[in-house]
2 protein chains.
Amino acid sequence: MPSTHAPIRRKVTLIDIAAACDVSRATVSLVLRNSPLVNRHTRERVQAELQRQGYIYNRAAANLRKRTSSSIALVLNDLANPFFAEFAAGVDEEVGAAGFVTLLGSTGESPERQQAVLGSLIEHGPGGIILSPAEGSDASRVMESLGPQMPVLLFNRELGGDLPASAHWDRLMLDNARGAELATMHLIEQGHRRIAFFGGHAQSSSCQQRRAGFMKAMKRARLKVPGDYLVESAPTRLDAARACDALFASDPAPTAAVCYNDAVALGLMLGLGQRGLQPGRNFALTGFDNIGEAAMVSPSLTTISTAPRERGRQAARLLLARLGHPQERGERTIVPVELIVRDSSCPPLAA
Amino acid sequence: MPSTHAPIRRKVTLIDIAAACDVSRATVSLVLRNSPLVNRHTRERVQAELQRQGYIYNRAAANLRKRTSSSIALVLNDLANPFFAEFAAGVDEEVGAAGFVTLLGSTGESPERQQAVLGSLIEHGPGGIILSPAEGSDASRVMESLGPQMPVLLFNRELGGDLPASAHWDRLMLDNARGAELATMHLIEQGHRRIAFFGGHAQSSSCQQRRAGFMKAMKRARLKVPGDYLVESAPTRLDAARACDALFASDPAPTAAVCYNDAVALGLMLGLGQRGLQPGRNFALTGFDNIGEAAMVSPSLTTISTAPRERGRQAARLLLARLGHPQERGERTIVPVELIVRDSSCPPLAA
DNA sequence: GTTATTTTTTAGAACGATCTAAATAGGGCG
DNA sequence: CGCCCTATTTAGATCGTTCTAAAAAATAAC
């Protein structure tokens, strides 16, 4: 015998409240929006009824009528990357504080999935999009699926290809070149002369910028960088550990490395350990991002702080501000970065 | 002189397409939904026009009319916690694959913020909610802001207070007791006799369950657990490092500890190092969660794998399945856990 | 008791889609 | 040619809100 179910109640709407209070829909709507037009007595009656029936505001219907939006889409490669997780937390914090809600999408670093995700998100009518593009994704395709009107904030990476001139997209970029330059200068000051740049995909814009900063500092110090001192890897711990061998294929081997990011640096530490080297004793290295782990690992990691949570907040603020003025020229913000010196950047052994 | 702007185009809607093709709204709507009713020739004409005008489907309007939803709300304490970040990634993966979109909300472990966040999310009309409750939040308040109809999947923690009987909420819980039991048994097999349970808030349900599993294993092995072998801390690295002293206040001090989770275990390692102890050599410890870091840290951390990404997928699948049958009785799923033995769980020195 | 003024309320048309039920268009057949 | 049947198309109501313009009620002024 089937169990008896509670009757399925329809959702309660403005109309139900209006009927119960014997006023019009319009009045209830005014009460909901705290309009001063409605009489104090009526207001109280209506509010009590809203409470009593457990009314839930239907923001989608309101947005439809008002032609507004109350959401922001956030599209990232991978939440499992702590840098992006922190960033997302920051975005959501600020977006929520502004009364908006965050729509999430992840691309897994695939331009095709990115297209699909953008296509799906856009149908839900977000007011704007914060996008950290997948590697290899291209401006015109993104533009195509977003339409020319959608406010967009690009974070962390540039898109390949040219932006149609009509796009007024904002950008929030880390000062990658400066960060790598700071790290390199620090290693040079420690006394290193043979310094490598380790990890990252050479074609990604952030890697190019970091390499450029590295080269700049090396050049200024009149230090040579042999071709095999530039080692590529996927920006993950595992692949970095694997790529460690390539670093010691060159002769003479480097005594220090500026790593593409913290994940790569941690992977390199692992690889060094497997070769019997002690990072922070007979090999120096620096990271980039200052993820939580950097301070905890042993030896603790000298790195570049980018304050991802604060970047998330900043990205949200920039985009929310843009919602008001969609037609103004897009701005490019470059955030300064900071060198955090810890134990991994030791002086060379035979100084 | 102000720059000339492109004219602000209204968004293109069904009506625009219908007008351009000289057909009715209804026909265009049918084309959008790939109905077999519409003539092949007409369909092609309409599709071309959709393309040409850059039409974007307004899912909110459709949902309003159809009384459906195409989103799932995900409410977590903190995305910056890698366990939850992985979980969120899994949820989003599965939710996206089902054609839904994820609405994000974070509570920062505060029941008040949780209420606010739920209140805001619910107005956007998600089809269901995945909630990992903030510590100390209570069932009836949550129920109050969600209404009795909303499908809910509780993850990881129970809510305080009693659930109204009308709620058909699903639960997805880790087998906390079994996990802690496995870890404890492993340490006992290694030869430890004085084992502590370290970290976590004693009032949280997950901590209680893990402690219970710990006690069960200890009791079965007829080992005593003095009161000061149960040490509390916030479930963070920093606070765990601080709480390390409490572990060695007791005499005789323990030779091993089952930690509340990996974050706490990593913090304890740090604290041990500051006392001149070497985790994995003269003190053994285990974690819980198997976060990415656990394998990379030195010594690598013996822990309990909960596969958070897969749990995220599972949570999404459970909730999506529930959308079809909102009135059926809620189910409680307990996922098995697995012991991952690594280097941190050494035998006692003077075995 | 009018009329003017202010305060409060409301009917009805939006918003952009879908659905129902009915209209129209083609074909085939006697 | 007229009738029936199937294939296509569509007018108009609807989802739950807000907006506009105007009506109704209360208050003030004379």
Side-chain angles (χ1 to χ4, degrees), chain A residues 8-47 49-50 53-71 99 120 122-127 147 149, chain B residues 9-47 49-50 53-71 99 122-127 147 149:
Chain A
I8 302 181
R9 276 192 297 247
R10 282 194 332 99
K11 258 191 198 154
V12 0
T13 75
L14 275 194
I15 306 198
D16 303 306
I17 307 295
C21 294
D22 201 34
V23 295
S24 71
R25 297 190 312 282
T27 305
V28 180
S29 177
L30 290 172
V31 170
L32 284 176
R33 286 171 291 153
N34 277 314
S35 160
L37 270 69
V38 26
N39 179 284
R40 179 202 152 105
H41 178 66
T42 323
R43 169 191 311 287
E44 279 164 8
R45 226 157 30 95
V46 170
Q47 272 164 345
E49 189 64 20
L50 288 166
Q53 296 204 30
Y55 170 79
I56 290 173
Y57 185 68
N58 185 333
R59 202 170 286 278
N63 281 333
L64 175 59
R65 179 65 233 271
K66 293 197 291 187
R67 295 149 152 277
T68 57
S69 169
S70 54
S71 58
S120 160
I122 201 86
E123 295 187 347
H124 289 86
Q149 304 293 329
Chain B
R9 275 192 297 246
R10 282 193 333 97
K11 260 192 196 151
V12 0
T13 75
L14 274 193
I15 306 197
D16 303 307
I17 307 295
C21 294
D22 201 35
V23 295
S24 72
R25 299 190 312 283
T27 304
V28 180
S29 177
L30 290 171
V31 170
L32 284 177
R33 285 171 291 153
N34 278 312
S35 160
L37 270 69
V38 25
N39 178 284
R40 180 202 152 104
H41 178 67
T42 324
R43 151 172 288 111
E44 280 164 8
R45 228 159 27 99
V46 170
Q47 272 166 343
E49 189 65 20
L50 287 167
Q53 295 204 31
Y55 171 79
I56 290 173
Y57 185 69
N58 185 335
R59 202 170 286 279
N63 281 332
L64 175 60
R65 180 66 214 327
K66 293 199 289 186
R67 294 148 153 281
T68 57
S69 170
S70 55
S71 58
I122 201 83
E123 296 187 346
H124 289 85
Q149 305 293 331

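Quick caveat: nothing in here was measured; it's all calculated off a predicted structure. The chains referred to below are lettered A, B, ... by the order of the sequence lines, with proteins before strands, and numbering in each begins at 1.
- No donor-acceptor distance shorter than 3.5 angstrom exists from the side chain of B/Arg43 to the backbone of B/Pro36, with no hydrogens or angles considered.
- To the nearest angstrom, C1' of C/dA11 lies 15 Å from CG of A/Leu14.
- If you take CZ of B/Arg67 and P of C/dC19, they are 12 Å apart, rounded to a whole angstrom.
- A donor-acceptor pair is defined here as one N or O able to donate and one able to accept, closer than 3.5 Å; no such pair exists between the side chain of A/Arg59 and the backbone of B/Gly125.
- Annotation: the terminal axes of the helix from C/dG1-D/dC30 to C/dG30-D/dC1 meet at 60°, where each axis is the rotation carrying the C1' atoms of four end pairs onto the next four (5 pairs per end, rounded to 10°).
- Against DNA chain D, the stretch residues 34-43 of chain A makes no heavy-atom approach under 4.0 Å.
- The interatomic distance linking B/Arg45 (CZ) with D/dT8 (P) rounds to 14 Å, in whole Å.
- Rounded to whole Å, the distance from CD1 on B/Ile56 to C1' on C/dA17 is 15 Å.
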If you apply the rule side chain to side chain contact (heavy atoms under 4.5 Å, CB included), what do you find for B/Leu32 with B/Tyr55, and how did you get there?
CA-CA 10 Å; B/Leu32 284 177; B/Tyr55 171 79; 3.6 Å; yes

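- Remark: P of C/dT18 and CD1 of B/Ile17 are 13 Å apart, rounded to the nearest angstrom.
- Contacts with DNA chain D (heavy atom under 4.0 Å) in residues 21-33 of chain B: B/Val23, B/Ser24, B/Arg25, B/Ala26, B/Thr27, B/Leu30, listed by number.
- Contact annotation: the side chain of B/Ile17 approaches that of B/Gln53 to within less than 4.5 Å [non-hydrogen atoms, C-beta and beyond].
- A/Ser69 contributes a side-chain N or O that, together with a main-chain N or O of A/Gly127, makes up a donor-acceptor pair within less than 3.5 Å.
- Under the salt bridge (Lys or Arg N to Asp or Glu O under 4.0 Å) criterion, the residue pairs touching residues 25-42 of chain B are B/Arg40-B/Glu44, with sequence neighbours excluded.
- Between the C1' atom of C/dA17 and the CG atom of B/Asp16 lies a distance of 13 Å, rounded to the nearest Å.
- Contact of the B/Thr42 side chain with the B/Val31 side chain is not registered, since no non-hydrogen atoms from C-beta on lie closer than 4.5 Å.
- Side-chain contact, A/Asn63 with A/Ser70: a donor N or O sits under 3.5 Å from an acceptor N or O.
- The distance from atom CZ of B/Arg65 to atom P of C/dC15 is 17 Å, rounded to the nearest whole Å.
- Listed by chain and number, the residues in a salt bridge (Lys or Arg N to Asp or Glu O under 4.0 Å) with A/Arg67 amount to none (sequence neighbours excluded).
- In this entry the distance linking CG of A/Asn58 with P of C/dC15 reads 18 Å, nearest Å.
- Side-chain contact check for B/Leu14 versus B/Asn58: every heavy-atom pair is 4.5 Å or farther apart.
- Annotation: side chain to side chain donor-acceptor pair (under 3.5 Å) contacts of B/Arg65 (sequence neighbours excluded): none.
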